[in-house]
**Q** 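Let me give you the structure first, and then I'll get to my questions.
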4 protein chains.
Amino acid sequence: MTAYLAANIIQPMIEHSVKAEKTRRPTWRDEKAEERRLQLIDTALEVFARKGFDKTSVRELAAAAGVAQGLMYHYFKSKDKLLEAVVERHSFLPQLKSLLATLHNEPAAKVLKAVGRQFYDLLGQKESLMNIFFHETQSHPIVPRIWRGIMNEGISLFQNYLDERVKAGELRTHNTDVTARTLAYTIVLLRAGGVAFHQRTRPEAFIDQMVDNILSGIAA
Amino acid sequence: MTAYLAANIIQPMIEHSVKAEKTRRPTWRDEKAEERRLQLIDTALEVFARKGFDKTSVRELAAAAGVAQGLMYHYFKSKDKLLEAVVERHSFLPQLKSLLATLHNEPAAKVLKAVGRQFYDLLGQKESLMNIFFHETQSHPIVPRIWRGIMNEGISLFQNYLDERVKAGELRTHNTDVTARTLAYTIVLLRAGGVAFHQRTRPEAFIDQMVDNILSGIAA
Amino acid sequence: MTAYLAANIIQPMIEHSVKAEKTRRPTWRDEKAEERRLQLIDTALEVFARKGFDKTSVRELAAAAGVAQGLMYHYFKSKDKLLEAVVERHSFLPQLKSLLATLHNEPAAKVLKAVGRQFYDLLGQKESLMNIFFHETQSHPIVPRIWRGIMNEGISLFQNYLDERVKAGELRTHNTDVTARTLAYTIVLLRAGGVAFHQRTRPEAFIDQMVDNILSGIAA
Amino acid sequence: MTAYLAANIIQPMIEHSVKAEKTRRPTWRDEKAEERRLQLIDTALEVFARKGFDKTSVRELAAAAGVAQGLMYHYFKSKDKLLEAVVERHSFLPQLKSLLATLHNEPAAKVLKAVGRQFYDLLGQKESLMNIFFHETQSHPIVPRIWRGIMNEGISLFQNYLDERVKAGELRTHNTDVTARTLAYTIVLLRAGGVAFHQRTRPEAFIDQMVDNILSGIAA
DNA sequence: GATGAATGAGAATTCATTCAT
DNA sequence: CATGAATGAATTCTCATTCAT
């Protein structure tokens with residue numbers, strides 16, 4: 001029995017998502033559970049974005065999802081882990097990648113504006129997540145980690161594209177990292193600060209003109 | 001800056017302590033009290049920036065300042081009001097204004113890089129405040145209000161300068177709002193994201209090249 | 001012991017499972033169920049002894065036994081009832097009785113030491129149960145009831161033996177209750193406190209010398 | 001300010017009992033606070049003894065003491081620390097020592113019974129504490145530590161006395177550790193088990209006869 | 001001004017127990 | 001038999017705030 005105990009007590013915390021028992025096709029119950037899990041995550045995303053992580057109690061989250069508070073802890077070990085699940089699930093890295101995958105061998109003058117707008121739109125769709133990225137960075141290391149992952153990957157892909165255009169002779173030889181970041185950072189703050197700052201230029205027009213500026217320069 | 005202080009710091013102090021008998025020379029006691037008040041604000045700035053507002057208890061703030069918790073409530077009506085005092089006192093609008101005041105009639109090619117770097121440095125000096133701007137925006141309306149005030153004013157002044165240079169014929173006619181924001185936003189995220197994103201270019205060089213790009217364009 | 005088991009273990013099992021159709025030969029399923037029931041009890045004994053009743057959750061018990069929590073409630077109406085089942089099943093009264101049954105008409109000088117050591121060993125084998133006796137007495141009346149039953153019965157039998165030896169002229173006329181309890185109590189605490197107190201004398205030697213002292217006295 | 005912060009933040013937890021500020025004579029407020037502290041401890045002793053540590057909520061403790069729950073945490077860092085404070089404060093080691101200090105050079109035949117009874121009485125006065133010793137040993141290491149300290153010290157002193165009597169020629173040469181423990185352990189269980197076991201002999205008489213047995217032996 | 005004792009609401013988390021599958 | 005999702009009450013602990021001294 002000692003061996004038995006050892007095997008079962010040492011790691012009594014049951015991972016409920018990844019079933020330990022070999023690989024087994026998910027039963028109806030498992031599917032329901034996974035559905036519920038996602039529902040809880042999605043609800044949490046909205047509430048966290050709206051009220052902020054610290055200002056949201058687990059009781060509220062449960063109420064928003066229409067379940068008992070205790071159930072939250074059936075699905076997530078802690079409120080912190082729930083936040084992690086939220087940012088992991090809603091990371092828009094895939095969308096960003098596919099957005100940037102279409103670029104190859106297209107002339108910059110033609111696509112930069114389109115890509116800028118699409119990026120701006122993507123951030124708009126992910127407003128709740130952006131909110132979390134901006135506000136909950138400090139206490140939860142996973143939040144900046146995900147955010148960093150997205151930005152670094154996106155900028156890297158974007159830079160590759162710019163390098164191609166340099167090779168193709170469309171752009172002059174220059175530090176494409178700077179260009180990529182200038183465009184990306186500006187669009188991010190355009191979105192995040194959009195509510196905050198009195199922007200006089202509509203975002204789409206802003207992006208177009210920014211691209212023009214960077215392509216042709218503003219010197220007389 | 002003196003006017004600023006007078007309007008925002010002195011007045012709330014008087015309000016709670018000696019009930020301002022018209023205008024009266026500050027006594028020794030008043031000065032001591034003001035000193036203590038500022039000490040509490042400065043300590044709070046650091047602790048809030050490091051731990052976040054919600055994660056910081058009044059007890060901790062008091063301990064960090066070396067006073068009893070109760071004393072906090074002599075100087076600030078509530079923890080929220082303390083945060084307001086912090087962002088009000090440390091708003092760097094004055095510094096930003098004076099930074100931009102030197103620009104008039106200077107050629108853009110010469111000064112844009114310098115101004116960009118100075119702005120970047122200023123943000124660096126105000127790192128704690130930036131932290132608060134980014135993280136505590138949601139629950140405390142005064143935070144984004146101040147932040148907005150700084151950005152809008154700064155961009156407006158910067159834009160005025162750019163318009164001058166257009167008039168002077170140094171820059172071509174264009175939407176200077178876009179240029180101002182492109183530079184400002186990028187530098188802000190360069191600072192805020194500096195730790196987060198793997199930036200391959202050193203900030204000073206980055207700013208120089210960004211200015212070059214925007215002035216001359218990157219098209220071949 | 002069989003009678004004991006029949007009375008205490010078999011019956012509650014039947015009660016909850018197959019609703020005892022008179023007396024009926026146990027089927028294979030009944031046997032499996034009984035096996036499982038005993039496994040749950042035995043696991044619970046270990047875990048309760050190690051962690052304490054209150055500090056052990058049903059979830060942990062289930063995990064330790066390798067079953068789902070819900071199953072616990074098929075076999076035991078509540079966590080409290082499980083504890084009762086544990087102390088009932090592991091009561092070592094039968095062993096104690098058989099240990100004391102061998103004494104009759106044996107000379108005290110010869111057997112007291114042996115009996116003392118055997119009692120000490122028995123307590124050692126039942127360490128987990130002893131733990132429960134000592135720690136969970138308060139909240140669960142059945143615990144002290146069982147413990148009392150064992151002690152009272154044991155001491156009574158032991159006293160009978162001593163009375164015999166008095167009658168046989170081997171021991172002087174005296175209050176044998178006192179003697180029986182002195183030996184029994186001391187051995188119990190020797191065991192229970194063994195870990196706690198810095199005992200300078202090894203238990204076996206201790207028991208021998210204690211018996212010598214009581215038989216012959218320590219007066220010069 | 002950095003030094004300031006370092007000095008005050010690193011150890012923000014204020015020890016409230018031992019004032020850090022030099023040594024300063026206790027003010028009226030300090031005295032009130034200490035009184036309150038003791039009141040909370042004493043209340044806790046009773047309630048813990050009656051209901052058991054785990055079954056007692058901090059809410060109940062506060063109610064029993066007539067204060068707000070939050071105040072408990074002003075005086076004790078946690079419920080566990082409160083228990084530690086309880087056993088530390090009520091350790092009866094001093095009383096036990098003074099009880100045993102009177103023994104020197106007194107003849108054993110005369111004093112053993114008296115000391116036995118006094119020890120029994122002392123345990124009776126400390127019934128609540130004994131309860132805690134017996135029931136809360138497992139989860140709170142300080143409990144057995146204190147209990148061990150008392151027992152070891154007491155037995156050691158008692159043994160010294162017995163050794164003296166051996167040297168004085170009143171007792172025969174023998175392992176006095178065994179004698180000391182036999183008497184002590186039996187009295188402890190006499191007290192602790194008193195309620196539990198059907199003792200047929202009144203405690204005082206029991207102690208007298210036990211001492212007689214050990215001094216003179218029970219052999220015919 | 002300054003202290004820290006005192007309050008009570010509310011937070012995260014645990015847990016025995018039930019029950020549909 | 002067996003599972004584990006679901007419940008909701010209870011628990012420990014934190015914290016902003018007040019106030020007598």
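So that the names make sense, note that chain A is the first sequence line, chain B the second, and so on, each numbered from 1. Side-chain atoms are counted along with the backbone in the values below, which use heavy atoms only and exclude waters and symmetry mates.
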**Q** Answer yes or no: does a side-chain N or O of C:Tyr75 lie under 4.0 Å from OP1 or OP2 of F:dA2?
**A**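 For F:dA2, OP1/OP2 do have a side-chain N/O of C:Tyr75 under 4.0 Å.
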
**Q** Tell me whether the rings of B:His140 and B:Phe53 are parallel (<30°), tilted (30 to 60°) or perpendicular (>60°).
**A**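 Plane angle over 60°, so perpendicular.
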
**Q** Please give, in whole Å, the distance from E:dT14 P to C:Lys51 NZ?
**A**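 One finds 12 Å between P of E:dT14 and NZ of C:Lys51, rounded.
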
**Q** With both distances under 3.5 Å as the test, what is the Watson-Crick or G-U wobble partner of E:dA6?
**A**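 Paired with F:dT17.
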
**Q** Just name whichever nucleotide pairs with E:dA12, Watson-Crick or G-U, keeping both distances under 3.5 Å, else none.
**A**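 F:dT11 is the nucleotide pairing with E:dA12.
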
**Q** Classify the side chain of B:Arg36 and the base of E:dG1 as holding, or not holding, a donor-acceptor pair under 3.5 Å.
**A**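 Answer no: no donor N or O sits under 3.5 Å from an acceptor.
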
**Q** Checking A:Lys55 side chain against B:Asp54 main chain: does a donor-acceptor pair fall under 3.5 Å?
**A**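 It does not hold such a pair.
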
**Q** Side chains of A:Ile41 and A:His90, heavy atoms from C-beta outward: is any pair under 4.5 Å?
**A**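 Yes, close enough: below the 4.5 Å cut-off.
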
**Q** What is the distance from CG of B:Asp80 to P of F:dT17, rounded to the nearest Å?
**A**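 My rounded result for the distance is 7 Å.
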
**Q** For the pair made of CZ in A:Arg29 and P in F:dA2, what is the distance, rounded to whole Å?
**A**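 Between P of F:dA2 and CZ of A:Arg29: 15 Å.
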
**Q** Just compare F:dT11, F:dA16, E:dA16 and give me whichever is closest to any side-chain atom of B:Lys79.
**A**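 For B:Lys79, the side-chain atoms sit closest to F:dA16.
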
**Q** Could you give the NZ-to-C1' distance, from A:Lys32 to E:dT21, as a whole number of Å?
**A**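 Those two atoms, NZ and C1', are 13 Å apart.
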
**Q** When you compare the side chain of A:Ile142 with that of A:Asp80, does any pair of heavy atoms fall below 4.5 Å?
**A**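 A:Asp80 vs A:Ile142: side chains apart.
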
**Q** Does a nitrogen or oxygen in the side chain of D:Arg37 sit under 4.0 Å from OP1 or OP2 of E:dA5?
**A**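 For E:dA5, OP1/OP2 do not have a side-chain N/O of D:Arg37 under 4.0 Å.
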
**Q** Which atom pair, heavy atoms only, marks the closest approach of D:Tyr75 to D:Arg36?
**A**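 Looking at all heavy atoms of both residues, the shortest contact is OH-CG, 3.3 Å.
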
**Q** Taking for each residue the nucleotide of DNA chain E with the nearest heavy atom, is it C:Asp54 or B:Gln69 whose nucleotide lies nearer the 5' end?
**A**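 Upstream on the strand: B:Gln69.
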
**Q** Let's see if you can work this out: which of E:dA12, F:dT7, F:dT17 has an atom nearest to the side-chain heavy atoms of A:Val58?
**A**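 The closest nucleotide is E:dA12.
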
**Q** Given atom CZ of D:Arg59 and atom C1' of E:dG10, what is their separation to the nearest angstrom?
**A**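 Going from D:Arg59 (CZ) to E:dG10 (C1'), I get 10 Å.
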
**Q** Taking for each residue the nucleotide of DNA chain F with the nearest heavy atom, is it B:Leu71 or D:Gly70 whose nucleotide lies nearer the 5' end?
**A**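 Of the two residues, D:Gly70 wins.
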
**Q** Nearest whole angstrom, please: distance from the P of E:dT13 to the CD of C:Glu60.
**A**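 That distance rounds to 17 Å.
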
**Q** By nearest heavy atom, map A:Thr56 and D:Gly66 onto DNA chain E; which one lands nearer the 5' end?
**A**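 The residue whose closest nucleotide sits nearer the 5' end is D:Gly66.
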
**Q** Using whole Å, what does the distance between atom C1' of nucleotide E:dG1 and atom CD of B:Glu35 come to?
**A**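 Taking atom C1' of E:dG1 as the reference, CD of B:Glu35 is at 14 Å.
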
**Q** Would you say D:Tyr73 reaches F:dT14's phosphate, i.e. side-chain N/O to OP1/OP2 under 4.0 Å?
**A**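 The answer is no; no side-chain N or O of D:Tyr73 sits under 4.0 Å from OP1 or OP2.
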
**Q** To the nearest Å, how far apart are B:Met72 CE and F:dC15 P?
**A**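 Spelled out: CE on B:Met72 to P on F:dC15 is 14 Å.
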
**Q** Closest heavy-atom contact between A:Val143 and A:Ile132?
**A**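 Answer, listing the atom of A:Val143 first, then A:Ile132: CG1-O, 3.8 Å.
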
**Q** Taking the nucleotide of DNA chain F with the nearest heavy atom to each, does B:Lys55 or D:Lys55 sit closer to the 5' end?
**A**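 Checking each residue's closest nucleotide, the 5'-ward one belongs to D:Lys55.
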
**Q** Taking donor-acceptor contacts at under 3.5 Å, does the side chain of D:His74 reach the base of E:dA6?
**A**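 Such a pair does not exist between side chain and base.
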
